[in-house]
Structures are given as structure tokens and as C-alpha cells.
Amino acid sequence: MYYKSDIHESLYKKILQQLSLTKPNREYEAFAYLAASTEKTDLVQAFSSYEVDTEIIYDLSLKWSESEKYMLEIGFQLFNSSNLFYDEVDGQTDHYGDPVYNAKYPTWGKMLSSMDKENITVVLSAIDFRYTGR
């Protein structure tokens, strides 16, 4: 895998350690890889044994750049095919009575077009790892 820096690699390994994976899991590992690419060391607290605390991630990311949030969003979509960042549509509910949400970053094109070459390389590496294991 391509690492932006020693911090990226070290943080990735710390997050994996927090996750306590007992066997390879490309979904968790791809998300951990992209989360670590933000180089935000306090992210480690959002990971525990086979769990990702999205509330902690959301709270930590409030002051981050859009590009850093995009890295998390893409990682989360690789992890479980859903959006990490979304807005509740005021007063609207679905046919089950649950609130309706709009994805804050619904298209990869929007996210990728604002990234520098290094972050795009990281995203492509995560996609390759997630779907091919390389």
C-alpha cells in the first residue's frame, strides 16, 4: 500500500490494533487506511474491537477540511456502502416513519475533484485493496 507519510502508516497500524481484527477484513482495513490518511491521531479513540464509533468521528471532524472529511466519507462507503456524513431532511419521513436523510457528499466525482494527487493516490490504493486485496 501507498502511505503519504510515516504518520499515515503508524496511525493505520494503531487503528488496526484498536480494531483487534482476528482475521483479515478488507472493509475495516480500507476504512482504517483512509481514516489514517488524515493523519489525525485522535481518531484512534473511535475504533475498538470490531467497532467504529461514527459519533466520535463526526465530532472530531467538525473542524477538519473538506478534503479530510472526503477521505473519511469514501472510506466509510468502502466499509459499509453507506454515507458517514448526512443531513436530516426537516420533518420528512419515509414510509416506515423514519427520518429522511440526504447525503452531504453524495458523489465521488465531487469529492475526488477537490483532492490533490496524493490523496487521490491514497483513495485508489484503498479501492484496490478493498476489492482485490492488493
Within the structure provided, determine whether Phe76 and Leu34 are in side-chain contact (heavy-atom separation under 4.5 Å).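 Of all side-chain heavy-atom pairs linking Leu34 with Phe76, none is under 4.5 Å.
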Can you tell if the side chain of Tyr2 reaches within under 4.5 Å of the side chain of Val122, non-hydrogen atoms only?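 Tyr2 reaches Val122 side chain to side chain.
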Nearest 0.5 Å, please: how far is [atom2] in [Y] from [atom1] in [X]?
X: Arg134; Y: Arg26; atom1: CZ; atom2: CZ; value: 10.5 Å
X: Lys4; Y: Thr38; atom1: NZ; atom2: OG1; value: 7.5 Å
X: Ile15; Y: Thr41; atom1: CD1; atom2: OG1; value: 10.0 Å
X: Phe47; Y: Gln17; atom1: CZ; atom2: CD; value: 13.5 Å

Are the side chain of [X] and the backbone of [Y] linked by a donor-acceptor contact shorter than 3.5 Å?
X: Tyr33; Y: Gly75; answer: no
X: Arg130; Y: Ala30; answer: no
X: Tyr28; Y: Tyr50; answer: yes
X: Ser125; Y: Thr121; answer: no
X: Ser10; Y: Ile7; answer: no

[X], [atom1]: over 12 other non-hydrogen atoms inside 6.0 angstrom:
X: Lys14; atom1: NZ; result: no
X: Gln45; atom1: CD; result: yes
X: Asp116; atom1: CG; result: yes

Does the pair Leu16 and Glu29 meet the rule for a side-chain contact (heavy atoms from CB on, under 4.5 Å), with working shown? CA-CA 7 Å; Leu16 289 182; Glu29 293 174 53; 3.7 Å; yes
Minimum heavy-atom distance Met115-Tyr70, with the two atoms named: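 Residues Met115 and Tyr70, closest heavy atoms: CE-CB, 3.6 Å.
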List the atom of Met71, the atom of Ser37, and the distance in Å for their closest heavy-atom pair.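 In this case the closest contact between Met71 and Ser37 is CE-OG, 3.1 Å.
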Does Phe31 form a side-chain contact (heavy atoms from CB on, under 4.5 Å) with Ile57? I'd like the steps, not just the answer. CA-CA 12 Å; Phe31 183 52; Ile57 292 172; 3.8 Å; yes
Sequence-distant partners of Ser67, side-chain hydrogen bond (donor to acceptor under 3.5 Å, both in side chains), two or more places apart: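 Listed in chain order: Asn119.
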Before you tell me yes or no, could you show the steps for Leu43 and Leu72 under side-chain contact (heavy atoms from CB on, under 4.5 Å), namely the whole-Å CA-CA distance, both residues' side-chain angles and the distance that decides it to 0.1 Å? CA-CA 11 Å; Leu43 266 176; Leu72 288 175; 4.3 Å; yes
Output every pair passing salt bridge (Lys or Arg N to Asp or Glu O under 4.0 Å) with a member in residues 38-56, not counting sequence neighbours, ordered by first then second residue.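 Sorted result for residues 38-56: Lys40-Glu68.
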Once the angle between the rings of His8 and Tyr3 is folded into 0 to 90°, is it parallel (under 30°), tilted (30 to 60°) or perpendicular (over 60°)?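 Answer is perpendicular, since the angle exceeds 60°.
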With Lys13, which residues qualify under salt bridge (Lys or Arg N to Asp or Glu O under 4.0 Å), at least two apart?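 Here the qualifying residues are Glu9.
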